[in-house]
**Student:** 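Before I ask anything, let me first share the structure, which is written out below as structure tokens.
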Amino acid sequence: MTAQDCARCGRVPAAPTGQGRLFLWPPLGHTAGKLRRALAASPALRPPEMVDGALVIPVGDRDHLALARVLEDALTRAECQDTRALFLADGERPDRRHLGEVGALETYVARTRGHWLLEVMAAERVTMLFQPIFHVAEPTRVFAHECLLRGVDSDGGLIPPKDMFDFASRADLTFPLDRLARIAAVKTAAARQVPGHIFINFTPSAIYDPDYCLRTTLDAVEQTGLDRGRVVFEVIETDRIGDPEHLAGVLRYYRDAGFKVALDDLGGGYGSLGLLPSLRPDFVKLDRAIVDGVHAHPVKGVVVQRLVEMAHDLDIQVVAEGVEQAEDLTWLQACGADFVQGFLLAAPAPEPIRPGA
């Protein structure tokens with residue numbers, strides 16, 4: 001964590017440890033009853049008690065993992081999300097000082113069971129693979145590379161980003177993980193001397209205030225000497241955006257700083273389509289589900305053709321991702337897409353493709 005970081009983005013918390021008490025505030029009496037029965041059925045754990053409306057569970061130093069398993073098995077995910085939780089060391093009682101530490105029970109469970117992710121993040125054991133994006137008219141000429149995050153486990157194996165971000169969402173770690181991924185992408189792309197444009201994924205919901213939360217990302221770009229005009233920040237999970245105005249503010253920040261922006265998964269749902277007129281990104285990526293097999297699917301063909309035409313009418317360039325069949329590439333060339341990406345052309349690799357290679 002640097003002096004410019006906020007505590008939410010720049011600090012990786014530790015997994016719950018030590019002896020103490022776990023205070024739980026279930027949303028319903030029914031939920032509290034389920035918790036009592038589950039704890040009573042576990043001989044390794046001590047029974048809870050009610051204190052000022054909270055269910056209080058004594059926790060030994062080695063009880064956290066067993067307790068997390070019992071709690072997760074006893075409740076639905078919605079109940080884990082709605083039950084408030086606070087772990088305090090022995091001798092401490094909850095008061096106003098601890099309000100900022102109260103979180104979802106799901107967070108306590110995930111951080112206890114997800115020590116592997118906390119270790120990866122604390123040690124910054126991440127790397128980047130690079131998947132090229134080609135000019136559709138010349139599918140051997142590279143236009144850009146997309147930076148793809150991978151975690152590295154204790155044995156040196158690669159951890160898929162979906163596993164990391166799925167666990168991070170449960171453990172309230174999306175903010176620091178997204179920051180780690182952005183900075184790692186910048187530094188690795190500079191170190192590998194990636195040619196052409198560089199697509200860097202980010203999650204808008206992991207940014208409170210772009211003026212503050214993205215400062216370290218800009219610092220990394222400046223320190224590495226990357227040309228801002230070559231960097232494209234790509235919004236992931238575009239169709240899940242819940243606050244378009246916030247997204248517009250983040251994209252405006254990037255653009256004002258001299259970067260380009262892209263939306264992914266166009267055509268995967270109405271949400272991403274509805275964002276186009278107001279956001280006017282520099283690039284859109286067509287969802288792989290409508291690209292794969294488009295040459296033999298008339299309905300997909302109509303959708304893709306209309307999306308390409310609409311994007312071009314708005315002066316937006318189109319990347320078709322998920323190209324895995326030669327027939328789809330031929331179809332996309334005739335359709336008028338600008339760029340293509342997919343395993344037919346190149347898989348993600350530790351090194352970028354150099355001009356003339």
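All of these numbers come straight from a predicted model, not from anything done at the bench. Side-chain atoms are counted along with the backbone in the values below, which use heavy atoms only and exclude waters and symmetry mates.
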**Student:** Supply the atom-to-atom distance Phe283 CZ to Asp338 CG, rounded to the nearest 0.5 angstrom.
**Tutor:**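 Between Phe283 CZ and Asp338 CG, I get 8.5 Å after rounding to 0.5 Å.
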**Student:** Under the criterion side chain to side chain contact (heavy atoms under 4.5 Å, CB included), I'd like the reasoning laid out for Arg21 against Leu88: C-alpha separation, chi angles, the key distance, then a yes or no.
**Tutor:** CA-CA 6 Å; Arg21 295 183 298 169; Leu88 294 177; 5.8 Å; no
**Student:** Donor-acceptor pair, Asp282 side chain versus Val261 backbone, under 3.5 Å?
**Tutor:**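 Yes; judged by distance alone, with no hydrogens or angles, the pair exists.
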**Student:** Would you give the length of the straight line joining atom CG of Asp82 to atom CZ of Arg84, rounded to the nearest 0.5 angstrom?
**Tutor:** 7.0 Å
**Student:** For the residue pair Pro195 and Arg230, what are the closest heavy atoms and their distance?
**Tutor:** C-NH1, 3.8 Å
**Student:** For Tyr108 and Leu71: C-alpha separation, side-chain torsions, deciding distance, then whether side chain to side chain contact (heavy atoms under 4.5 Å, CB included) applies.
**Tutor:** CA-CA 10 Å; Tyr108 169 82; Leu71 297 175; 4.3 Å; yes
**Student:** Show me the side-chain donor-acceptor pairs of residues 29-36 shorter than 3.5 Å, one per line, residues at least two apart or across chains.
**Tutor:**
| residue | atom | partner | partner atom | Å |
| --- | --- | --- | --- | --- |
| Thr31 | OG1 | Glu79 | OE2 | 3.0 |
| Lys34 | NZ | Glu79 | OE1 | 2.8 |
| Lys34 | NZ | Glu79 | OE2 | 3.4 |

**Student:** Please say yes or no: joined through hydrophobic side-chain contacts below 4.5 Å, possibly via intermediate residues, are Val59 and Leu39 part of one cluster?
**Tutor:**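 Same hydrophobic cluster.
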**Student:** Hydrophobic cluster membership, with links at side-chain heavy-atom distances under 4.5 Å among I/L/V/M/F/W/Y: are Val235 and Val231 in one?
**Tutor:**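 The answer is yes; both residues are in one hydrophobic cluster.
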**Student:** Would you please indicate if the ring centroids of Phe339 and Phe199 are separated by under 6.0 Å?
**Tutor:**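 No; Phe199 has its ring centre 6.0 Å or more from that of Phe339.
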**Student:** Side-chain contact, heavy-atom cut-off 4.5 Å: Phe167 with Ile159?
**Tutor:** no
**Student:** Using 0.5 Å steps for rounding, measure from the CZ atom of Arg179 to the CZ atom of Arg215.
**Tutor:** 12.0 Å
**Student:** Would a 4.5 Å heavy-atom cut-off, applied to side chains only, mark Glu106 and Glu72 as touching?
**Tutor:**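 No - every pair of side-chain heavy atoms lies 4.5 Å or more apart.
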**Student:** Can you tell me how far the CD1 atom of Ile198 sits from the CZ atom of Phe233, to the nearest 0.5 Å?
**Tutor:**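 Nearest 0.5 Å value for the CD1-CZ distance: 9.5 Å.
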**Student:** Looking at Arg288 and Glu321, would you say the former's side chain and the latter's main chain have a donor-acceptor pair under 3.5 Å?
**Tutor:** no
**Student:** Would the Phe23 and His98 ring centres measure less than 6.0 Å apart?
**Tutor:** no
**Student:** Could you report the tightest heavy-atom contact between Phe130 and Pro132, atom names first, then the distance?
**Tutor:**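 Heavy atoms of Phe130 and Pro132 come nearest at O-CD, 3.8 Å.
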**Student:** Please say whether more than 12 non-hydrogen atoms of neighbouring residues, nucleotides or ligands are located less than 6.0 Å from CZ in Arg93.
**Tutor:** no
**Student:** Group every Ile, Leu, Val, Met, Phe, Trp and Tyr by side-chain heavy-atom contacts under 4.5 Å, then state whether Phe259 and Phe143 land in the same group.
**Tutor:** no
**Student:** Sub-3.5 Å donor-acceptor pair from the side chain of Ser169 to the main-chain atoms of Asp166, do we have one?
**Tutor:** yes
**Student:** I'd like to know if the side chain of Asp328 reaches the main chain of Val294, judged simply by a donor and an acceptor atom lying under 3.5 Å from each other, with no hydrogens or angles considered.
**Tutor:** yes
**Student:** Would you say Ile57 and Leu24 make side-chain contact, with heavy atoms under 4.5 Å?
**Tutor:** yes
**Student:** Which atom pair, heavy atoms only, marks the closest approach of Asp153 to Arg125?
**Tutor:**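 That would be C-NH2, 3.7 Å.
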**Student:** If you look only at distance, which donor and acceptor atoms sit under 3.5 Å apart when one is on a side chain in residues 248-257 and the other is two or more places apart or in another chain?
**Tutor:**
| residue | atom | partner | partner atom | Å |
| --- | --- | --- | --- | --- |
| Arg255 | NH1 | Leu279 | O | 3.2 |
| Arg255 | NH1 | Arg280 | O | 3.0 |
| Arg255 | NH2 | Arg280 | O | 2.4 |

**Student:** Is there a path from Leu148 to Val291 through hydrophobic residues (I, L, V, M, F, W, Y) whose side chains come within less than 4.5 Å of each other?
**Tutor:** no
**Student:** Measure the shortest side-chain to side-chain distance between Leu214 and Phe202 over non-hydrogen atoms and say whether it is less than 4.5 angstrom.
**Tutor:** no
**Student:** Hey, could you give me the CG/CZ distance between Asp63 and Arg46, rounded to the nearest 0.5 Å?
**Tutor:**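 Asp63 CG to Arg46 CZ: 6.0 Å, rounded to 0.5 Å.
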**Student:** Measuring from atom CG of Asp292 to atom CD of Gln325, what distance do you get when rounded to the nearest 0.5 angstrom?
**Tutor:**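 CD of Gln325 is found 5.5 Å from CG of Asp292.
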**Student:** Would you say that more than 12 heavy atoms from the other residues, nucleotides or ligands in this model lie under 6.0 Å from the CG of Asp227, or not?
**Tutor:**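 Yes, CG of Asp227 has more than 12 neighbouring heavy atoms, counting only those of other groups under 6.0 Å.
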**Student:** Any side-chain heavy atom of Pro94 sitting closer than 4.5 Å to one from Glu101?
**Tutor:**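 The answer is no; the side chains never approach within 4.5 Å.
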**Student:** For atom CG of Asp52, decide whether the heavy atoms of other residues, nucleotides or ligands shown that lie under 6.0 angstrom number more than 12.
**Tutor:** no
**Student:** On a heavy-atom basis, which atom in Phe343 and which in Pro348 lie closest, and how many Å separate them?
**Tutor:** CZ-CD, 3.8 Å
**Student:** Hydrophobic side-chain clustering at under 4.5 Å (ILVMFWY, transitive links): who's grouped with Ile183? Put none if nobody.
**Tutor:** none
**Student:** List the atom of Ala38, the atom of Ala74, and the distance in Å for their closest heavy-atom pair.
**Tutor:** CB-CB, 3.5 Å
**Student:** Decide, yes or no, whether a salt bridge links Arg182 with Asp178 under the criterion of side-chain N to carboxylate O below 4.0 Å.
**Tutor:**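 Looking at Arg182 and Asp178, the cut-off is met.
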**Student:** Give the intermediate values and the outcome of side chain to side chain contact (heavy atoms under 4.5 Å, CB included) for residues Leu117 and Met121.
**Tutor:** CA-CA 6 Å; Leu117 178 59; Met121 293 174 62; 3.8 Å; yes
**Student:** Looking at Glu146 and Lys285, does any basic side-chain N land under 4.0 Å from a carboxylate oxygen?
**Tutor:** yes
**Student:** When you compare the side chain of Leu129 with that of Arg150, does any pair of heavy atoms fall below 4.5 Å?
**Tutor:**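 Side-chain contact under 4.5 Å: yes.
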**Student:** Counting C-beta onward and ignoring hydrogens, is there a side-chain heavy-atom pair between Leu65 and Arg113 closer than 4.5 Å?
**Tutor:**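 Yes. Closest side-chain heavy atoms under 4.5 Å.
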**Student:** Between Thr224 (side chain only) and Val221 (backbone N and O only), is there a donor and an acceptor less than 3.5 Å apart?
**Tutor:** yes
**Student:** Is a side-chain donor or acceptor of His246 paired with a backbone partner of Pro204 at a separation under 3.5 angstrom?
**Tutor:**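 Side chain of His246 to backbone of Pro204: a pair is present.
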**Student:** Might you point out which heavy atoms bring Thr112 and Pro16 nearest each other, and give the distance in Å?
**Tutor:**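 Answer, listing the atom of Thr112 first, then Pro16: OG1-CG, 3.5 Å.
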**Student:** Does CD in Glu124 sit with more than 12 non-hydrogen atoms of other residues, nucleotides or ligands closer than 6.0 Å?
**Tutor:**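 Atom CD in Glu124 is not packed in, count stays at 12 or less.
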**Student:** Hydrophobic cluster membership, with links at side-chain heavy-atom distances under 4.5 Å among I/L/V/M/F/W/Y: are Val299 and Trp331 in one?
**Tutor:**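 No, it is not one cluster - the side chains of Val299 and Trp331 are not joined through contacts under 4.5 Å.
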**Student:** Do the non-hydrogen side-chain atoms of Val186 and Cys147 ever get within less than 4.5 Å of each other?
**Tutor:** no
**Student:** Check step by step if side chain to side chain contact (heavy atoms under 4.5 Å, CB included) holds for Leu263 and Ile316.
**Tutor:** CA-CA 10 Å; Leu263 299 183; Ile316 299 169; over 6 Å; no
